[in-house]
There are 2 protein chains.
Amino acid sequence: MKALTKAEEQIMQILWDLKEGYVKEVLDKMDDPKPAYNTVSTFIRILETKGFVKHRPIGKSHQYYPIVTKDEYRSFSIRRLLSGYFGGSFTKMASFFAKEENLDAKEIERIMEEVKKDVK
Amino acid sequence: MKALTKAEEQIMQILWDLKEGYVKEVLDKMDDPKPAYNTVSTFIRILETKGFVKHRPIGKSHQYYPIVTKDEYRSFSIRRLLSGYFGGSFTKMASFFAKEENLDAKEIERIMEEVKKDVK
DNA sequence: TAGTTTTACCTAATTATTTAATAATTAATT
DNA sequence: AATTAATTATTAAATAATTAGGTAAAACTA
């Protein structure tokens with residue numbers, strides 16, 4: 001998988017959120033100052049050639065949807081961070097974060113319980 | 001803090017590792033195919049204008065060293081990932097990772113013990 | 001000291017990314 | 001049907017990132 005550029009990522013975030021959408025709908029979700037309709041259209045077509053998005057023709061128009069899921073990209077992003085900055089170890093990252101946030105043993109445990117509950 | 005581009009980040013990783021170094025020394029650490037000396041030199045000067053690096057003059061030459069620490073950039077990177085993909089919550093990211101790696105309660109506990117030990 | 005090497009600095013060329021104008025086509029409206 | 005609006009496709013302009021050539025000054029070497 002290839003990393004998204006910043007502008008591409010913005011569009012993907014919206015498409016992940018919408019599940020599917022027309023260019024217009026994506027544009028509507030964008031923050032002001034909104035880019036031109038064609039700018040969004042161009043990026044979506046770039047994302048399509050990069051294999052992140054597909055479309056189904058609806059009449060003459062296109063409805064776009066993600067084919068790379070947000071979870072897949074999440075996973076890719078975590079792994080990139082881990083390998084670049086924590087020797088590939090999640091434990092190292094967690095320790096780093098805990099130290100930085102001054103988490104004490106109690107708080108670490110609370111997080112762990114939450115994770116355990118969630119994993120079930 | 002501003003994000004590093006890919007090429008800038010490569011140089012920073014080497015400087016963090018070296019603690020300090022001449023252009024030549026950074027170049028030596030780079031993987032083949034090595035870029036031109038001037039390419040490295042240019043990037044280091046870009047990093048200097050971005051405030052990531054400084055130099056001390058040694059004779060006529062410059063010895064460069066990071067002023068943004070790897071830890072500072074680590075922190076920035078985690079936070080960017082958390083806010084973009086996990087609603088700012090470390091717990092969410094940990095759960096996501098645990099599920100993805102099929103960690104069971106035992107393994108989660110082992111990680112948290114490690115973290116607790118490390119935080120002390 | 002004359003030539004070679006090393007280095008920083010300036011500049012430019014190339015490539016990637018971002019943005020959108022223009023053109024073409026279809027759909028909707030009067 | 002003619003006009004206007006909506007949409008995709010094509011193209012290009014603007015900006016950012018990457019790469020390195022050329023030049024000048026200093027340092028080293030024969």
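- Panel note: side chain A/Asp104, backbone A/Glu107; a donor-acceptor pair is recorded below 3.5 Å.
- Rounded to whole angstrom, the span from the CD atom of A/Gln10 across to the P atom of C/dT17 amounts to 15 Å.
- In this entry the distance linking CD1 of B/Ile11 with P of D/dT18 reads 10 Å, nearest Å.
- Of the side-chain N and O atoms in B/Arg45, one or more sit less than 4.0 angstrom from OP1 or OP2 of C/dC9.
- Atom NZ of B/Lys24 is separated from atom P of D/dC28 by 14 Å (rounded to the nearest Å).
- When the nearest nucleotides of DNA chain C are assigned to A/Phe43 and A/Gly59 by heavy-atom distance, the more 5′-ward of the two goes with A/Phe43.
- Annotation: of the two residues near DNA chain C, B/Lys60 and A/Glu8, the 5′-most nearest-nucleotide partner is B/Lys60.
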Next item on the list: Using the salt bridge (charged side-chain N to carboxylate O under 4.0 Å, His left out) rule, take A/Arg74 and B/Glu100 through it: C-alpha gap first, then chi angles, then the decisive distance, then the call.
Entry: CA-CA 11 Å; A/Arg74 272 188 180 112; B/Glu100 222 196 26; over 6 Å; no

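- Regarding A/Leu27, its CG atom lies at a distance of 13 Å from the P atom of C/dT19, rounded to whole Å.
- A/Lys34 NZ: more than 12 foreign heavy atoms inside a 6.0 Å radius.
- A donor-acceptor contact under 3.5 angstrom links the side-chain atoms of B/Thr42 to the base of D/dA20.
- Ring planes of B/Phe90 and A/Phe97: parallel class, angle under 30° (limits at 30 and 60°).
- Contact annotation for A/Thr39: base contact, defined as any heavy-atom pair under 4.0 Å involving a base atom.
- Using a 4.0 Å heavy-atom criterion, one finds that A/Tyr37 contacts the bases of the nucleic acid, with or without backbone contacts as well.
- Within the structure, a side-chain polar atom (N or O) of A/Ser61 is placed less than 4.0 Å from OP1 or OP2 of D/dT8.
- Remark: P of D/dA16 and NZ of B/Lys6 are 19 Å apart, rounded to the nearest angstrom.
- We find that CD of B/Glu25 is positioned 11 Å from P of C/dA8, with the value rounded to whole Å.
- Minimum atom distance to the side chain of A/Ile46 is reached by C/dT18, of the listed D/dA9, D/dT18, C/dT18.
- One interatomic measurement links the two molecules: NZ of B/Lys34 to P of D/dA20, which rounds to 13 Å at whole-angstrom precision.
- Applying the 3.5 Å distance criterion, the base of D/dT19 shares no donor-acceptor pair with the side chain of B/Asn38.
- One atom, CD1 of A/Ile44, and another, P of C/dT18, lie 15 Å apart when rounded to the nearest Å.
- Without hydrogens or angle criteria, B/Glu114 side chain to A/Ser95 main chain gives no donor-acceptor distance under 3.5 Å.
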